[in-house]
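All remarks here apply to the structure that follows.
Residue numbering restarts at 1 for every chain, and letters A, B, ... go by the order of the sequence lines.
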Amino acid sequence: MPRRSPRKKLKDRIRPRLKEGAAWFGIFIAAMIVGGFLFTWSGLYSVAATSGHWPGFGLFLEFGMRSSVRTHTIGIAVPPLHDAALIERGAGHFQEGCMPCHGAPGRAPNPIAHETLPEAPDLVASVPTWEPEELFWIIKQGLKYTGMPGWAAQQRDDEIWAVVAFLRQLPALDAGEYQALASLDVRDQAVSDEVLAQSGPPGVGLATCSRCHGLDGQARASGAYPRLDIQTSEYLFAQLAAYDDGTRQSGIMAPIVAEFDEAELRQLADYYAASGVAAADDADAASESESDPAVLEIGRALVIEGLPDEGIPACISCHGDNPAARSPLYPALAGQHASYIAQQLMLFRSGARRATPAAEIMAVIAERLTPAQIDAVSAYLSGLQPGAMSETAP
Amino acid sequence: METLQSTMHPAGTDAAAIAQLSWVLFVGGGLVFAVVMGLTAIASLGAERRRRFLSERKFIVIAGAILPAIVLTALLVYGLTLTGTRIAIAEADALRIEVTGEQWWWRVRYPDSGGDIITANEIRIPADRPIELTLLSADVIHSFWVPNLAGKIDMIPGTVNRLTLRATQPGEYRGQCAEFCGGPHALMAFHVVALEPAAFDIWLAAQREPAASPETALQQEGADLFVASGCGGCHSIRGTAAIGTIGPDLTHVGGRLTIAAATLPADAASFARWIRDNQYIKPNNLMPPFGTLSDDELAALGAYLEHLK
């Protein structure tokens with residue numbers, strides 16, 4: 001008992017002081033809230049982008065942003081980013097979606113972008129300060145209060161990684177290399193001008209489309225973008241309409257399609273469908289067919305015969321050569337680029353592309369394919385000449 | 001229709017034997033139950049003399065051990081004899097039919113009938129002739145059961161099971177998968193149609209023929225859509241370019257009672273509904289829904305398929 005009483009006394013002495021301190025702290029917090037609200041209500045703080053930040057406050061915001069990105073990217077696995085098709089796909093979008101604010105090698109940003117707060121950073125300098133998964137997260141989610149938007153198709157992680165793959169190359173590019181990556185037909189500028197002049201109403205749209213798909217619709221040999229010359233006008237327009245209404249999701253195509261009205265989209269579809277496949281670039285086709293014969297045989301069997309025991313019908317039963325005997329909603333596949341076919345089959349398989357009725361059909365089939373089968377089918381189809389699928393049928 | 005799928009209304013020799021065994025067991029079991037209840041009543045409420053008799057060792061040994069052993073042994077021998085002779089003893093003039101359980105339908109082949117006769121979800125047989133069914137599975141365990149005609153037997157992947165049956169009179173009998181096989185198992189039924197022998201021969205001869213050609217413009221449009229939509233990737237229509245083997249053979253689908261494993265009647269309207277809305281009608285079935293087709297196109301396909309008698 002003699003030992004307990006001093007302790008009790010100590011407790012009795014401290015408790016009232018604690019209570020007093022807590023009360024003052026409460027009053028302080030309440031004053032802060034009321035004062036902060038009154039300050040905000042008064043409008044004395046300027047939200048003008050031109051007014052800049054208080055000294056040091058910009059650094060503090062930067063610290064907050066970097067910390068948030070670092071924490072939110074924990075656990076994101078980075079896929080391989082060295083594929084040429086992936087880099088080209090990212091470059092094509094960069095020119096359309098990123099360059100206007102961020103600029104590019106040889107291209108100053110739009111002056112409007114200089115007047116944002118914060119100013120969109122020069123990516124040549126800032127990309128090396130971020131990890132790939134951090135770039136992915138920023139592109140996908142955007143950054144609050146900066147003007148950096150999130151990705152327009154949240155289910156298309158594959159497209160976002162393509163932009164990351166390109167960004168990783170960006171700091172080392174000179175102006176010419178950037179142009180070559182971002183715009184397919186720059187090397188034939190004279191030809192381009194001539195065709196654009198001839199093509200009439202779709203001219204402006206064609207300038208946009210042809211950067212990636214080419215004026216001849218054959219796109220790049222890497223398969224970064226699909227060939228359009230082998231498709232019918234009905235099929236191409238259905239895809240453009242699906243990008244427009246969001247049933248086919250793409251953060252690359254949707255912003256481009258949004259720039260055109262329905263009549264213009266029909267003209268563009270007509271242009272590419274009529275561009276004809278006669279001018280096929282043999283050198284490109286040959287480079288794609290250098291695959292393992294065993295793999296090509298697996299692909300051939302799936303394309304021509306299917307795999308009935310696994311519930312996989314032959315590709316040719318829906319995607320045959322004759323457009324008159326094929327649903328206008330089914331694409332031609334013979335001669336399409338392998339990388340594009342594989343990418344789309346993986347999207348069907350994962351459920352990221354199944355919002356249109358035709359995609360719903362393909363998704364059911366693609367779910368039954370293994371990644372190895374997808375690669376085999378893609379390699380085989382890309383090695384065919386357009387319209388030559390049925391020549392290999394028994 | 002209450003007798004369409006019922007063990008209590010046998011229409012085949014095997015089902016009759018099973019029904020007979022059931023009745024023997026029901027009546028015998030009822031008698032035993034009545035006697036035991038009676039003895040229980042006596043043991044509880046009866047006169048002192050009777051209660052003492054029931055508690056004697058001699059009564060307990062005879063009525064509690066010896067009598068049940070004799071009755072149960074007799075029933076076992078009777079039951080085994082009756083049912084044992086029903087399995088896998090093919091008679092010389094038996095008609096062989098191969099039935100494969102697939103998720104979630106039935107592939108039916110007539111291997112000895114000349115030509116490549118493959119149908120689905122419907123087994124036509126001649127009445128009063130022994131039938132030997134070869135039962136296979138393409139994927140998981142299914143169970144073949146037509147209660148009016150025969151007992152139930154599993155279809156096991158990698159194993160060939162056999163079942164013999166004989167329909168004593170013409171008629172339609174419903175069967176169904178009696179082993180849970182995933183997803184729409186509940187919509188995996190079929191019909192056995194027993195015909196007079198002459199009518200069966202006519203039917204079989206018609207089945208050997210390739211599919212009927214379209215006769216009207218609407219049917220022709222349906223036939224073209226069938227090709228253009230890729231239906232032939234999974235379905236066969238003999239005599240056309242459609243050679244798929246993944247789904248049911250449709251060569252004479254218009255002549256069947258039902259489609260989708262006894263889920264819908266085989267008429268134009270049902271074909272149209274099924275092609276577009278099959279995932280609502282039979283969720284998780286393996287056919288993709290063809291929402292790409294307009295109402296008019298579906299009507300044309302329906303008209304064509306209904307025409308394939």
Side-chain angles (χ1 to χ4, degrees), chain A residues 232 234-235 237-239 241-242 245 247-248 301-333 345 348-349 351 353-369 377 389-390 393-394, chain B residues 100 102-105 107 118 136-140 157-158 182-183 220-237 240-250 275-280 282-298 300-301:
Chain A
T232 61
E234 293 92 331
Y235 174 77
F237 178 74
Q239 302 313 303
D245 67 19
T247 50
R248 184 172 174 182
L302 282 164
V303 168
I304 305 299
E305 295 150 24
L307 208 54
D309 287 348
E310 293 176 25
I312 303 168
C315 306
I316 197 171
S317 55
C318 285
H319 299 280
D321 295 321
N322 179 6
R326 191 174 73 214
S327 164
L329 296 173
Y330 301 168
L333 296 179
L345 283 173
F348 284 123
R349 188 172 178 268
R353 183 178 171 191
R354 74 180 304 165
T356 65
E360 175 75 30
I361 297 170
M362 194 62 230
V364 171
I365 313 295
E367 281 169 1
R368 300 174 191 166
L369 292 167
V377 164
M389 189 189 280
S390 54
Chain B
T100 308
E102 312 231 3
Q103 286 177 322
W104 287 270
W105 59 285
R107 193 190 296 268
I118 300 178
L136 310 167
S137 169
D139 34 52
V140 300
Q220 183 61 53
E221 187 194 342
D224 293 342
L225 280 165
F226 192 89
V227 175
S229 305
C231 308
C234 292
H235 298 284
S236 285
I237 296 182
T240 74
I243 53 168
T245 57
I246 295 169
D249 184 297
L250 302 181
I275 292 166
R276 184 168 63 193
D277 298 330
N278 64 68
Q279 290 298 330
Y280 294 93
K282 187 167 174 175
N284 293 330
N285 88 82
L286 298 181
M287 175 164 157
F290 284 72
T292 47
L293 297 164
S294 69
D295 287 345
D296 288 345
E297 290 171 325
L298 289 168
L301 272 165

*Residues A:Glu360, A:Arg354: salt bridge by 4.0 Å N-O rule*: yes

_Using every non-hydrogen atom in the two residues, find where B:Leu293 and B:Ile275 come nearest and quote the distance to one decimal._
CD1-CG2, 3.8 Å

_B:Asp249 with B:Arg107: basic N within carboxylate O range, under 4.0 Å_ = no

_Does any backbone or side-chain atom of A:Leu329 lie under 4.5 Å from a heavy atom of chain B? Answer side chain, backbone, both or neither._
side chain

*Can you check whether B:Pro288's main-chain N or O pairs, donor with acceptor, with B:Asn278's side chain at less than 3.5 Å?*
yes

*Would you mind telling me which of A:Gly320, A:Pro328, A:Ala358, A:Ser327 has the largest number of heavy-atom pairs within less than 4.5 Å of chain B?*
A:Ser327

_Toward chain B, the part of A:Ile365 with a non-hydrogen atom under 4.5 Å_ = side chain

